[in-house]
Each structure stands twice: as structure tokens, then as C-alpha cells.
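Working notes, structure below.
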Protein chains: 2
Amino acid sequence: MAALTRITHKAHLPFPAATAAAGGRRPRAARIRMSLQENGPSLAVVGVTGAVGQEFLSVLSDRDFPYRSIKMLASKRSAGKRMTFEDRDYVVEELTADSFEGVDIALFSAGGSISKELGPIAVEKGTIVVDNSSAFRMVEGVPLVIPEVNPEAMEGVRLGTGKGALIANPNCSTIICLMAATPLHRRAKVVRMVVSTYQAASGAGAAAMEELELQTREVLEGKPPTCNIFKLQYAFNLFSHNAPVLSNGYNEEEMKLVKETRKIWNDTNVKVTATCIRVPVMRAHAESVNLQFENPLDEETAKDILKNAPGVVVIDDRAANHFPTPLEVSNKDDVAVGRIRRDVSQDGNYGLDIFVCGDQIRKGAALNAVQIAEMLL
Amino acid sequence: MAALTRITHKAHLPFPAATAAAGGRRPRAARIRMSLQENGPSLAVVGVTGAVGQEFLSVLSDRDFPYRSIKMLASKRSAGKRMTFEDRDYVVEELTADSFEGVDIALFSAGGSISKELGPIAVEKGTIVVDNSSAFRMVEGVPLVIPEVNPEAMEGVRLGTGKGALIANPNCSTIICLMAATPLHRRAKVVRMVVSTYQAASGAGAAAMEELELQTREVLEGKPPTCNIFKLQYAFNLFSHNAPVLSNGYNEEEMKLVKETRKIWNDTNVKVTATCIRVPVMRAHAESVNLQFENPLDEETAKDILKNAPGVVVIDDRAANHFPTPLEVSNKDDVAVGRIRRDVSQDGNYGLDIFVCGDQIRKGAALNAVQIAEMLL
């Protein structure tokens with residue numbers, strides 16, 4: 001856990017990657033813990049030492065997710081490390097093909113190749129795998145789920161049948177965008193969406209967050225920045241997302257937004273373009289989203305719809321110039337939406353511009369996965 | 001100059017706001033300086049102690065702009081300060097209504113209210129004012145000029161006639177966007193443009209750059225960030241541009257892009273929407289621009305057009321994932337364009353996505369103004 005304990009939750013420090021396992025951010029000493037229950041499912045967290053793995057634990061604890069046992073799984077390198085979760089001691093176990101015996105639900109966040117290799121093995125053992133990687137998202141028959149958006153995609157997946165299943169967690173940018181766009185889409189049907197992202201370091205893992213912090217210190221001291229995770233200076237800079245660029249000129253991150261939106265909305269006609277940029281922010285993404293509708297939707301109605309949308313909070317104070325920021329949504333469950341306004345470049349009320357911020361590790365990954373798991377209970 | 005000298009040009013430090021006055025970044029000791037010429041115009045720099053004012057000097061020097069005299073003008077607070085420019089000593093003079101006697105060209109960057117008050121007075125005295133503020137940009141009859149884009153707007157403004165004139169420098173975001181969009185517009189006619197900006201601290205002046213540096217140090221030390229220029233934490237964060245929000249929900253910065261584009265392109269029909277965001281970067285802006293054309297334009301042709309456009313450099317290496325970054329264009333004259341690709345959300349070749357970066361202080365302000373002045377010679 002050395003890599004993670006370096007990122008501690010100091011006041012004003014914007015990067016609390018690992019807070020939960022060591023006690024959680026919400027002291028609840030006076031409450032009787034109900035999560036450890038004989039009739040709860042047996043859980044496994046795969047990639048438990050990573051930024052998202054740690055956040056899985058944080059969210060499970062915050063939401064009193066019931067479980068009768070929990071396995072802490074990671075690579076050989078991390079195996080043997082000790083950790084405390086909900087006042088119990090655990091030893092991190094090495095992830096192998098035998099790890100899933102008797103596991104009801106496994107939350108995976110250990111990268112696509114681990115998911116590809118061990119996800120299907122877990123399913124064969126009867127485990128329901130909620131996978132945070134991109135490995136199965138676009139595989140036909142694998143539900144790709146945001147619980148507030150398309151819970152119906154999970155119909156038929158149930159605990160206690162002895163039958164395993166794969167459920168994919170969408171990409172963080174897609175989740176954050178669609179949390180805001182879907183309520184509007186339901187009302188007025190989005191026909192085209194132009195997205196520009198402002199993505200945090202956390203999307204590239206805890207090591208990227210550490211590198212951003214390290215580089216910033218180095219640059220302020222006039223030293224050359226250490227570039228291990230990214231090949232260029234990240235501190236006081238920004239760059240096109242590091243995902244590989246495809247033959248159509250889009251990078252993989254951008255095409256996730258294009259394709260996952262179609263699958264989640266079950267709408268092959270919706271037109272999406274995206275430009276994905278990494279900015280020197282720690283753990284929350286921002287997205288500028290331009291929407292084009294089939295039916296008219298005025299900005300006041302849009303604001304009301306968003307105010308009533310589950311998992312969404314509207315921050316839109318024009319007089320005070322107060323709108324969502326990554327820092328304000330960090331460690332928060334809700335996705336924040338603001339700058340809601342009629343698009344002056346489109347006729348009538350057929351277009352809106354909005355600005356969305358969401359915690360990449362939480363709703364963009366761990367929270368969404370745990371919410372999927374909750375639907376199985 | 002205390003405020004500016006604190007921002008020095010260290011290796012890797014991304015914020016060389018004030019390099020020129022104290023000798024310039026390009027050592028030219030061996031060259032015979034030609035700029036101080038008896039037959040050159042008399043110049044005045046208004047707001048000479050600010051970030052853009054300092055850059056005016058840097059650019060004048062770099063480009064061997066001829067002048068027979070130069071007045072260093074600033075507010076009362078800065079008057080009396082000594083500075084060296086091109087090996088000569090100057091004393092900063094207090095800016096008053098009498099400052100423009102005998103001045104041929106005045107470069108203004110001291111804020112809109114100073115421009116509104118003293119710009120017309122200078123013009124009455126026969127001075128040609130190149131104004132970097134927003135004061136006169138949308139005034140009918142005042143040319144709003146990007147030399148590479150619409151030099152024809154300046155026709156009729158000449159030195160040596162004894163007649164003063166106002167010429168407005170467009171807003172930095174507009175200049176940087178249109179440097180890339182115009183060559184494509186000329187070929188295929190842009191009908192709609194969706195812009196999301198990633199704007200640097202420098203747009204809010206040297207004090208904002210200092211605050212970003214100070215805040216970053218404070219946050220890394222676990223201290224609360226100093227918020228004098230902006231009301232919230234800027235370090236490791238981003239926020240909707242601090243310009244006032246208008247009744248239509250757009251902020252003034254965004255409406256500049258909308259309105260200035262129409263004036264510069266002399267096209268009242270072009271549809272523009274923009275979302276302007278400040279990111280923790282020092283002195284160069286980035287912009288994600290989605291273009292919709294009247295006539296088809298494929299991405300290879302677009303790339304060729306941009307490669308041949310004056311003041312534009314194409315950085316678009318998909319295999320190496322090398323595209324423009326703010327740091328790479330800092331202190332550079334050219335605007336960099338990359339991520340040039342067919343927009344998959346539009347049919348055929350009627351849409352392109354591009355990503356543009358340009359130095360906000362240089363081409364976004366000082367360089368463009370000096371280029372305007374050069375057209376008068």
C-alpha cells in the first residue's frame with residue numbers, strides 16, 4: 001500500500017485517493033455496523049490496492065453494502081499486504097483462477113487484460129462480475145449499465161441462481177456525461193452531442209495522480225519534471241488524452257463516448273463526437289456538452305428536469321458566477337450540472353449547452369459499480 | 001516591476017511573463033540594432049508594467065519594429081519606475097490625457113475603462129491606437145483585426161496623415177480560434193462552430209499567474225489557498241470563466257467569440273456557441289473546436305490547408321500521440337493545430353473536429369497588436 005498511503009487526505013489537498021480502507025471519511029463509531037451479515041453475498045474486490053479498488057471499499061462501507069465475507073485480491077506484487085476494512089484485518093490475496101470459488105459478486109478494476117483473462121473464469125464459477133474495465137463493454141449480451149439510466153439492461157441477472165454473469169461498468173467520461181444528458185434525452189430526444197472533456201489524473205490511476213503531484217513540486221522548484229506515466233509535462237499543462245489514436249483520428253477514450261452512449265441509450269442513431277483532453281486536476285472530470293434535440297426543450301424546463309434527476313445536482317448561479325468545479329464534486333456521489341443555457345447557435349429551443357462535473361473515481365467508477373451490485377440484492 | 005520580476009523564466013517553469021524588457025529571450029549581442037531609427041514612428045506602450053505590456057516590448061524587440069522614440073506609460077502607482085529596453089534606460093511615465101502629444105502609434109493594454117477614457121483623446125491628438133481591450137471591438141467603424149485573417153478591415157488607416165484612428169485587437173480566444181478556423185472557412189465556409197476553451201491564467205493578468213503559482217505551493221503544503229484574484233481554488237482545479245454572466249446564460253468571454261467571429265469574418269450568419277473554462281495553465285490557451293461546413297472538406301485537404309496557413313503550425317502525429325499543448329506553444333508566435341479529423345457525428349465531409357493551442361499573451365494579445373502596427377508602416 002506504499003504507493004497509496006503517500007496520497008493522504010490533507011486539508012485542501014485535492015487528491016484523497018485512499019481514504020476509506022483506513023477508516024473512511026465519515027466517522028460512524030456510534031452506529032452499529034450492519035454490513036457484515038450472514039445472509040449477505042460473499043464479495044471479492046479485484047485490484048483492491050488501486051485507486052478504484054480502494055474506492056470500492058470506501059463506497060461499500062459508506063453505503064452499508066451487506067456482505068458475509070470479502071476477499072481482497074490483487075497482483076502477486078501486492079499479495080501479503082495487510083489492510084483494515086470496517087475494523088477487521090485482511091491480508092491481500094494473490095489473484096488467480098482459483099480466487100472465485102464461492103464468490104457471489106466480484107468487483108473488478110485491475111485493467112482490461114486481467115478482466116479478459118479472469119472475468120470469464122469467475123463467471124464459470126457462478127460469480128456475477130461487475131467489471132470496471134473496457135474489456136466487455138461493447139460485447140453483445142453484456143449489459144452496460146448506469147443504474148440511474150438503463151437499469152432495465154440488467155434484467156435477468158440475479159443472485160442466488162448459481163449462474164454467473166458479466167456486467168460492464170461504462171467508461172468514466174460516459175457515465176458522467178450521460179448522468180446529465182439522459183434526463184434531457186428522455187424528454188426531448190438528443191439527436192447529436194458534441195463533447196469536450198477536461199479529464200483528471202485519476203483516470204490513469206493512482207500513480208498518475210502521484211506523478212502530477214510530484215511534477216508540480218518539481219516544476220515549482222525549477223527541476224525537470226519526472227515523466228514516467230505520461231511522456232510529457234502534465235503540471236501546468238494539458239494534453240490530448242493518452243489513449244491510442246485510431247485510424248479515424250479519434251482516440252479510444254473518445255470512441256468510448258461515441259459507442260457506449262449508443263449502447264446505453266439503445267439508440268444506434270444518436271450522433272456523438274468527443275474531444276478528450278487531460279487537465280492537471282486530481283480526481284474529477286469536467287465535460288462541456290453541446291446538445292441538439294429532436295423536440296424543443298427550453299432552458300428552464302431543462303433545469304427543472306435536472307434538479308429532479310436522481311444522482312444529479314444543479315449548480316447554476318449566474319449572478320454569483322458559481323458553477324460546477326472538479327474540486328467541488330471530488331469525493332461526492334452526485335454529478336453536478338451547470339451553465340445550462342439555450343445554445344445561441346441553434347434555432348429555437350432545439351439546443352442546449354451544459355457543463356458537467358463528476359468524481360471520476362466515485363461515480364465515474366467505484367460508486368457506479370457498487371450501485372450495479374446493489375441492484376442484485 | 002516587483003510583481004513581474006517575481007515571475008522569472010526558470011528552466012521548465014511554465015510562466016515567463018516578463019522576459020523581454022530585461023534583455024529579451026533571444027540574445028542578439030552580435031547584431032546591430034536597427035529598431036531605433038530617426039524615420040520610425042514614435043510609439044507609446046500603455047499599461048507597460050502589465051503582462052501584455054511587457055510582451056509588447058518583447059515582441060517589438062523580437063521583430064525589430066522600427067521606432068524613433070517609445071514612451072513607457074502606466075498608472076500613477078507604477079510611474080517613476082525604471083526599466084531598460086533595447087539597452088536604453090526608461091522611466092515609466094504616468095498615463096494622462098497629455099501623454100499622446102506627438103505619439104504616432106499607441107499600443108493599449110491597461111483595461112477597458114482606461115481605453116474608453118483615453119483612447120479617443122489619443123485619437124484626437126492624431127495617434128493611431130491599437131487597443132487590446134474589449135472597449136471598441138464591437139463599435140461600428142472600428143476595425144477588429146487579425147492580420148492573417150482580415151487585413152482589409154484596416155484599409156484607409158495610415159500613418160503620416162496626421163489623422164488618428166482606433167483599431168481593436170480581438171479577444172485572445174477569438175484570435176487563437178480564428179487563426180485555425182479561417183483558412184478552413186475560406187475553403188468550405190463554416191456555418192456553425194462549437195467551441196470549448198481551456199484558458200490560461202495569463203488572460204486575467206500577471207497577478208492571476210502569480211496567484212496560481214502561490215496557490216499551488218500552498219495546496220501542496222496543505223495550506224488554504226490564497227484567493228485574491230479568483231474567488232475559489234484555482235490550483236488543481238478549473239472553473240467556468242470569471243467574466244460576468246449575461247441574461248442569456250453565456251458569459252462575456254463566450255459572447256466575444258460569438259460576436260467577434262461574425263465581425264471579423266464579416267458574416268452575420270455564422271453560428272457560434274462557446275463554453276469558456278479556465279484551467280490551471282500559465283500562459284497559453286487551448287480550444288476544442290467543432291466545425292460544420294457548407295461545402296465538403298476532407299481531413300487531408302484540411303490538414304494541407306492548415307500546413308500552408310500563415311501563423312499556423314500543424315502538430316498532428318497520431319502514431320506518437322503528439323498534438324498541440326499549451327506548454328509547447330508558450331512564448332511561440334504560431335498557433336498550433338492538431339487532432340484534425342472528420343467529425344463522425346456529421347454526414348460526409350461536412351464536419352471537422354480540431355484542437356488549437358496558442359500563446360495567450362503573444363498571438364492572443366501582444367503579437368497580434370504589433371502585427372497590426374506593422375501594417376501601418
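If you're wondering where the values come from, they're calculated on a predicted model, not measured in any experiment. We name chains A, B, ... by the order of the sequence lines, and we start the count at 1 in each one.
For B:A201, no part lies under 4.5 angstrom from a heavy atom of chain A. Both the backbone and the side chain of B:N321 come within contact range of chain A, with heavy atoms under 4.5 Å apart. Contacts of A:E254 with chain B are made by side-chain atoms alone, with heavy-atom separations under 4.5 Å and no backbone atom involved. With a 4.5 angstrom heavy-atom cutoff, A:D353 touches chain B only via side-chain atoms. Both the backbone and the side chain of A:D343 come within less than 4.5 Å of a heavy atom in chain B. For B:R318, the parts lying under 4.5 angstrom from a heavy atom of chain A are both the backbone and the side chain. Neither the backbone nor the side chain of A:N269 comes within contact range of chain B, judged by heavy atoms closer than 4.5 Å. In this structure, no portion of B:I340 lies under 4.5 Å from any heavy atom of chain A. In this structure, no portion of A:A319 lies under 4.5 Å from any heavy atom of chain B. B:D316 does not touch chain A: none of its heavy atoms, backbone or side chain, sits under 4.5 Å away.
Side-chain contact between A:V279 and B:Y198: present, with at least one pair of heavy atoms (C-beta onward) separated by less than 4.5 Å. Put simply, the side chain of B:I277 reaches to within 4.5 Å of the side chain of A:F355, judged on heavy atoms.
A distance of 8.0 Å separates CG in A:N290 from CG in B:N290, rounded to the nearest 0.5 Å.
Heavy-atom pairs under 4.5 Å with chain A were tallied for B:K231, B:E218, B:H322, B:M193; the largest tally goes to B:K231. Of the listed residues (B:A243, B:G249, B:P324), the greatest number of heavy-atom pairs within a distance under 4.5 Å of chain A belongs to B:G249. Per-residue heavy-atom pair counts under 4.5 Å with chain A were compared for B:V281, B:T325, B:V272, B:N237, and the maximum is reached by B:N237. When the candidates A:L212, A:V270, A:V194, A:V258 are compared by the number of heavy-atom contacts under 4.5 Å with chain B, A:V194 comes out ahead. The candidate from A:R342, A:K271, A:E328 with the greatest count of non-hydrogen atom pairs under 4.5 Å with chain B is A:K271.
Within a 6.0 Å sphere centred on NZ of B:K259, heavy atoms belonging to other residues, nucleotides or ligands number 12 at most. Surrounding NZ of B:K303 are more than 12 heavy atoms belonging to other residues, nucleotides or ligands, all under 6.0 Å away.
Taking the six-membered ring for Trp and the full ring otherwise, B:F323 and A:F239 have centroids separated by 6.0 Å or more.
Annotation for B:R192 and A:Q292: closest pair NH1-OE1, 3.8 Å, computed over non-hydrogen atoms. For B:N248 against A:E299, the heavy-atom pair with the smallest separation is O-OE1, 4.3 Å. A pairwise comparison of heavy atoms in B:R339 and A:Y250 identifies NH2-CA, 3.7 Å as the closest pair.
With no hydrogens or angles considered, a side-chain donor-acceptor pair links B:T275 and A:R341 at under 3.5 Å. Defined by atom type and a distance below 3.5 Å, a donor-acceptor pair is present between the side-chain atoms of B:S288 and A:S196.
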